[in-house]
Amino acid sequence: MTDKEQLLGKYLLKIAENLDISPTMREKAEKSYRSVGEWLGDCDVNSDVKIMPQGSFYLGTVIRPVSDEDEYDIDLVCLLKNAIGKSEAEIKKIVGARLKEHKTYSSMLEPEGKRCWTLCYEEFHMDILPCVPNNLYYIEPYLTEIKLSHKLDSGRYIPKYSNPYKYHEWFEERMRVRLDEAKKDYSVRNQVEISKVPLYKVKTPLQRAIQLLKRHRDIMYDKLPEARKDNAPISIIITTLAAQAYNNEANIYEALSNIVENMSKFIKRSGDTFIIANPVMPEENFADKWNENPEKAREFFRWLESAKTAILTAPINTQGLHKVSEALEVCFGRNIVKRSLVDDGHNTKIARENKTLYVDGLTGGLKTTPSQTTKKVGGHTFFGK
């Protein structure tokens, strides 16, 4: 890697860290979904209900909304273990009816969605997915497939299938080398067993890369017409393709470069049909909507090309910190980038004051260790003069 790439990687990491959900917000969300789980679990003496997170909250890839007026998305699975014999309509309505019985939840409840019931909190909304075990039992880590209920526009309910638990396992395995390193480091610093370190407590380059890609998507489509916004790439596709392309790179710049260059190679074609198979449940095609609406596929490739240029090429080809900042603001938003560069600038200032900041005469990059081609920095320098 060149010094420019290393420095850009450092800034991208800072931006990703600032995109993360705050510990306070995560605690609020966890407390809220535990309360919902207790209420749903007390619906009758024979009930056996399991509430568990899924999606970005579960994978450690959740990001802040673009606007303060927007909300975090919290995705939950509501597993009705003893309702295997119920119809798809009954599965859905059991959960909705129970939520409506609660004075507070009933006022927060949105109209029934295709798959979920949604509770609107002040700072986030919680999508609750009613489902039952797809086998006779749900036993982690062996029998974890779920059957959920999908409501068609006609009002008819049909079964769909998924496996959030196995997907989470697969996702962890795709970054096993870096994940084990991060968990080991966290366990030493916090004096806890490695096995008890949850995924959201640590971050690998893969998780950070996904956060940045999702943020770029959100910024790119924020001001576009609704027709294009509705066709924006969905998170599960970005996450799956990124994880498949990831090769346990240690540096976030290298990880992003590899991911955006190779993620499209994992999209399969069969005639005019796009296939992005769920890696733990191949019968589930994450690209099924692409085949119903080809514009969604075209929009994905537009977004991917934009990500390559805006996140990696444009900042590398600029000269001067203010130009780098402007390029990154296009990708990730002004406030996040400004805050991230201020954080890094503070650390650079300390290095300068300690006389441990150097500029490489060959590349123009900043270093904290001297070499034959470096000289000490007097003023702030980045990517050239």
Quiz item: Looking only at heavy atoms, what is the nearest atom pair of Leu99 and Tyr105, with distance?
Solution: O-CB, 3.6 Å
Practice problem: Without swapping roles, check the side chain of Asn135 against the backbone of Leu143 for a donor-acceptor pair under 3.5 Å. | Solution: no
Practice problem: Report the distance from atom OG of Ser107 to atom CG of Leu119, rounding to the nearest 0.5 Å. | Solution: 9.0 Å
Quiz prompt | Exam field: side chain Lys229 to backbone Asp222, donor-acceptor pair closer than 3.5 Å | solution = yes
Quiz item: Any sub-3.5 Å donor-acceptor pair from Asp20's side-chain atoms to Ala16's backbone N or O?
Solution: no
Quiz item: With hydrophobic residues grouped by side-chain heavy-atom distances under 4.5 Å, do Leu148 and Val280 end up in a single group?
Solution: no
Quiz item: Take atom NZ in Lys308; do more than 12 heavy atoms of anything else shown fall under 6.0 Å from it?
Solution: yes
Quiz item: Which heavy-atom pair separates Asp75 from Gly55 by the least distance, and what is that distance?
Solution: OD2-CA, 4.5 Å
Practice problem: Can you see which heavy atom on His216 is nearest to which on Ala310, and at what distance? | Solution: NE2-CB, 4.0 Å
Quiz prompt | Side-chain touch Ser187/Glu193, heavy atoms, less than 4.5 angstrom | solution = no
Quiz prompt | Lys338/Glu329 salt bridge by N-O under 4.0 Å criterion | solution = yes
Quiz item: Is the shortest heavy-atom distance from the side chain of Glu284 to the side chain of Tyr161 under 4.5 Å?
Solution: no
Exercise. Mind checking the CZ-CH2 spacing from Arg98 to Trp117? Nearest 0.5 Å is all I need.
Key: 14.5 Å
Quiz item: Rounded to the nearest 0.5 Å, how far does OG1 of Thr61 lie from CD1 of Ile21?
Solution: 11.0 Å
Exercise. Look at the aromatic rings of Phe274 and Trp290 and report parallel, tilted or perpendicular, splitting at 30° and 60°.
Key: perpendicular
Quiz item: Got a sec: does the CZ of Arg334 have more than 12 other heavy atoms crowding it under 6.0 Å?
Solution: no
Quiz prompt | Gap separating the SG atom of Cys120 from the CD atom of Glu110, nearest 0.5 angstrom | solution = 3.5 Å
Quiz item: Any luck finding a side-chain donor-acceptor pair between Ser87 and Glu90 under 3.5 Å?
Solution: yes
Self-check item: Six-ring centre of Tyr246, Arg178 cation under 6.0 angstrom, axis tolerance 45°
Solution: no
Quiz item: Ser325 side chain to Leu321 main-chain N or O, any donor-acceptor pair under 3.5 Å?
Solution: no
Quiz item: How about Asn190: does its CG atom have over 12 heavy atoms from other parts shown lying under 6.0 Å from it?
Solution: yes
Quiz item: From Ile259 CD1 over to Leu213 CG, what is the distance, rounded to the nearest 0.5 angstrom?
Solution: 6.5 Å
Quiz prompt | Lys NZ or Arg CZ of Arg64 over Tyr72 ring: under 6.0 Å, within 45° | solution = no
Practice problem: Could you pull out the closest heavy-atom pair between Gln54 and Leu76, with the gap in Å? | Solution: NE2-O, 4.1 Å
Exercise. If the plane angle is over 60° it's perpendicular, under 30° parallel, otherwise tilted; pick one for Tyr121 and Phe124.
Key: parallel
Quiz item: Taking atom types as modelled and ignoring hydrogens, do the side chains of Glu299 and Asn231 form a donor-acceptor contact shorter than 3.5 angstrom?
Solution: no
Self-check item: Check against salt bridge (Lys or Arg N to Asp or Glu O under 4.0 Å), Arg339 and Glu17
Solution: CA-CA 11 Å; Arg339 183 161 63 247; Glu17 289 172 353; over 6 Å; no
Quiz item: Asn293 and Lys296: side-chain donor and acceptor closer than 3.5 Å?
Solution: no
Quiz item: Linking I/L/V/M/F/W/Y whenever their side-chain heavy atoms sit closer than 4.5 Å, directly or via other members, would Phe301 and Val260 fall into one cluster?
Solution: yes
Quiz item: So does Lys50 have more than 12 non-hydrogen atoms from other groups sitting under 6.0 Å from NZ?
Solution: yes
Quiz prompt | Heavy-atom closest pair, residues Gln6 and Met1 | solution = N-CE, 3.5 Å
Practice problem: Ignoring hydrogens and angles, state whether a donor on the side chain of Glu261 or Ser257 is under 3.5 Å from an acceptor on the partner side chain. | Solution: no
Self-check item: side chain to side chain contact (heavy atoms under 4.5 Å, CB included), paired with Ile252, selected from Lys203, Arg208, Gln211
Solution: Arg208
Quiz item: Nearest heavy-atom pair of Tyr157 and Ser149: which atoms, and what distance?
Solution: CD2-OG, 3.2 Å
Quiz prompt | Cys78 vs Val49 side-chain heavy atoms within contact, under 4.5 Å | solution = yes
Quiz item: Distance only, no hydrogens: is a donor on one side chain within 3.5 Å (strictly under) of an acceptor on the other, for Thr144 and Asn163?
Solution: yes
Exercise. Nearest 0.5 Å please: distance from the OH atom of Tyr253 over to the OH atom of Tyr11.
Key: 15.5 Å
Exercise. Report yes or no: does Thr273 contribute a side-chain atom to a donor-acceptor pair with the main-chain N or O of Arg269 at less than 3.5 Å?
Key: no
Practice problem: Look only at the side chain of Gln207 and the backbone of Thr204, and say whether a donor-acceptor pair between them is shorter than 3.5 Å. | Solution: yes
Exercise. Please say whether more than 12 non-hydrogen atoms of neighbouring residues, nucleotides or ligands are located less than 6.0 Å from CZ in Arg156.
Key: no
Quiz item: Between Arg189 and Asp185, is there a salt bridge with N-O shorter than 4.0 Å?
Solution: yes
Exercise. Side-chain contact test, heavy atoms from C-beta onward, threshold under 4.5 Å: evaluate it for Trp303 versus Ile238 and give yes or no.
Key: yes
Exercise. Mark yes or no for whether Asn248, through its side chain, and Val177, through its backbone, hold a donor-acceptor pair below 3.5 Å.
Key: yes
Practice problem: Using a 4.5 Å cut-off on heavy atoms from C-beta on, say whether the side chain of Asn247 contacts that of Glu254. | Solution: no
Quiz item: Going through the checks in order, is the side chain to side chain donor-acceptor pair (under 3.5 Å) test met by Arg217 and Ser235?
Solution: CA-CA 9 Å; Arg217 173 205 59 192; Ser235 293; 3.0 Å; yes
Quiz prompt | Non-hydrogen side-chain atoms of Asn262 and Leu241 separated by less than 4.5 Å | solution = no
Exercise. Treating Ile, Leu, Val, Met, Phe, Trp and Tyr as nodes and any side-chain heavy-atom pair under 4.5 angstrom as an edge, say whether Ile210 and Ile236 lie in one connected cluster.
Key: yes
Practice problem: Classify the side-chain pair Asn258/Glu249 by whether it contains a donor and acceptor separated by less than 3.5 Å. | Solution: yes
Exercise. Measure the shortest side-chain to side-chain distance between Lys196 and Lys183 over non-hydrogen atoms and say whether it is less than 4.5 angstrom.
Key: no
Self-check item: Note, Met263 side chain near Leu304 side chain (heavy atom, < 4.5 Å)
Solution: yes
